Amino acid sequence: MQIDRLGIHDSVSAVFPPEQLRDALSGTGPDVGIVDDQSARECDGVVTFAHEEEFLDCDWIHSIQAGYDRFPLDELENRGVVLTNSTGIHGDSVGETVAGYMLMLARRLGQYARQQERTEWDRPAWDVPFTLAGESVCVVGLGTLGRGIAERANALGMEVTGVRRSGEPVEGVDRVYASGDLHEAIAGPTFVALATPLTEETRGLIGEAELAAMDEGSHLINVARGGVVDQEALISALDEEGIRGAALDVFAEEPLPEGSPLWTMEDVLVTPHAAAYTRGYYESIAGLVQTNLERVGADEPFENRVV
Ligand code: NAD
């Protein structure tokens with residue numbers, strides 16, 4: 001493969017200005033330019049947020065996200081198009097966001113922010129606030145995101161458990177359960193944080209039965225993908241006080257529709273699929289793309305190859 005023309009698709013503007021990435025990649029070898037759907041066809045490689053049919057004419061697509069559920073994997077395979085993703089760069093940003101969610105819920109900061117909007121001075125009931133120190137979190141999916149979450153939870157003095165397909169131990173996680181023991185793993189902890197990709201195996205991973213298995217005082221955190229959770233079952237569980245609360249960055253439908261009860265539920269935090277946003281994002285993407293340009297040049301295998 002030879003990458004002479006590299007396009008930065010204009011869809012990356014959902015996360016950062018395309019010019020930032022173009023400038024960061026200038027001088028790395030190929031001719032780098034900002035492209036739309038049509039002009040992407042003329043590129044050997046394209047760096048993108050969205051997927052467009054026109055990319056099937058390229059040799060290589062790099063997704064600026066870790067999730068690759070929006071790409072037609074079988075079609076890419078059949079057409080011989082390489083797909084790489086951006087896993088490995090979100091441990092700090094998403095880890096910090098999840099630490100923030102847990103602090104907001106435990107220390108009632110979400111409640112006070114809502115009250116401030118209404119200029120309302122109101123203290124919580126004595127037995128509602130708690131400290132994270134001594135509480136527990138179960139992290140489902142122990143990759144980049146999961147380990148970033150585990151690291152912060154440890155620093156906050158929490159007990160950290162996790163779920164991983166193999167059940168093999170992971171540094172910084174007190175106990176690791178195999179996927180088959182999911183119900184046992186999520187039954188006790190104060191927080192359950194989801195950090196798996198959305199795959200055939202994980203679609204609807206958390207449904208009615210799993211929510212029923214969770215403790216009544218527990219909270220569900222989803223920074224993975226909306227499809228990992230049965231959202232209707234979650235709304236029912238919150239309504240019926242089967243669980244205490246939730247912090248959600250991803251939803252069945254995005255943007256979350258205006259009429260969704262999740263917007264206004266007490267003890268539910270809604271963030272706009274922005275858990276990984278950070279001003280240095282384009283630099284991390286430039287690093288990944290540059291590594292792969294070098295690998296293509298040296299005829300070595302791609303890093304973060306999905307297809
Ligand atoms: P990663 O590949 O580093 O880690 C994913 C981990 O999940 C892997 O260890 C994998 O083995 C594990 N896994 C897969 N299926 C599992 C299952 N059934 N049970 C338990 N573990 C399972 O990926 P990552 O960078 O940590 O990202 C994970 C996902 O999070 C992405 O695919 C993406 O959908 C989502 N994500 C969301 C945001 C956001 O802004 N909210 C940002 C980055 C990633």
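Quantities reported herein were computed from a predicted structural model and do not represent experimental measurements. For ligands, and for the atoms within them, numbers begin at 1 and follow the listed sequence. Numbering of residues begins at 1 and proceeds along the displayed sequence.
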Fill in: Polar contact flag, side-chain donor to acceptor under 3.5 angstrom, Tyr277-Thr97
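Not at all, the side chains of Tyr277 and Thr97 share no donor-acceptor pair under 3.5 Å.
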Discussion item. Side chains of Asp36 and Ser39 only: does a donor on one sit below 3.5 Å from an acceptor on the other?
Written reply: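 A pair is found: one side chain offers a donor N or O, the other an acceptor, under 3.5 Å apart.
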Item to complete: Before accepting this row, confirm whether a basic side-chain N of the pair Arg244/Glu266 lies closer than 4.0 Å to the acidic partner's carboxylate O.
Response: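 Salt bridge: no.
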Worksheet item: Is there a ring-ring contact (aromatic ring centres under 6.0 Å, His included) between Tyr281 and His90 once you walk through the steps?
Response: CA-CA 9 Å; Tyr281 201 98; His90 307 112; 5.5 Å; yes
Item to complete: Hey, could you give me the OG1/CD1 distance between Thr190 and Ile243, rounded to the nearest 0.5 Å?
Response: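 Answer rounded to 0.5 Å: 12.5 Å.
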Between the protein and ligand 1, are there any N or O atom pairs that come within less than 3.5 Å of each other, and if so, what are their names and distances?
from	atom 1	to	atom 2	distance (Å)
ligand 1	3 (O)	Thr87	OG1	3.0
ligand 1	3 (O)	Thr144	N	3.0
ligand 1	3 (O)	Thr144	OG1	3.0
ligand 1	11 (O)	Arg165	NH2	2.8
ligand 1	18 (N)	Glu201	OE2	3.2
ligand 1	19 (N)	Ser179	OG	3.4
ligand 1	23 (O)	Thr87	OG1	3.2
ligand 1	25 (O)	Thr87	OG1	2.7
ligand 1	26 (O)	Thr144	N	3.2
ligand 1	26 (O)	Leu145	N	2.9
ligand 1	34 (O)	Arg225	NH1	3.4
ligand 1	41 (N)	Val223	O	3.1
ligand 1	41 (N)	Asp249	OD2	2.9

Worksheet entry | Ring centroid separation Phe55 to His9 under 6.0 Å |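 Yes - the distance between ring centres of Phe55 and His9 falls below the 6.0 Å cut-off.
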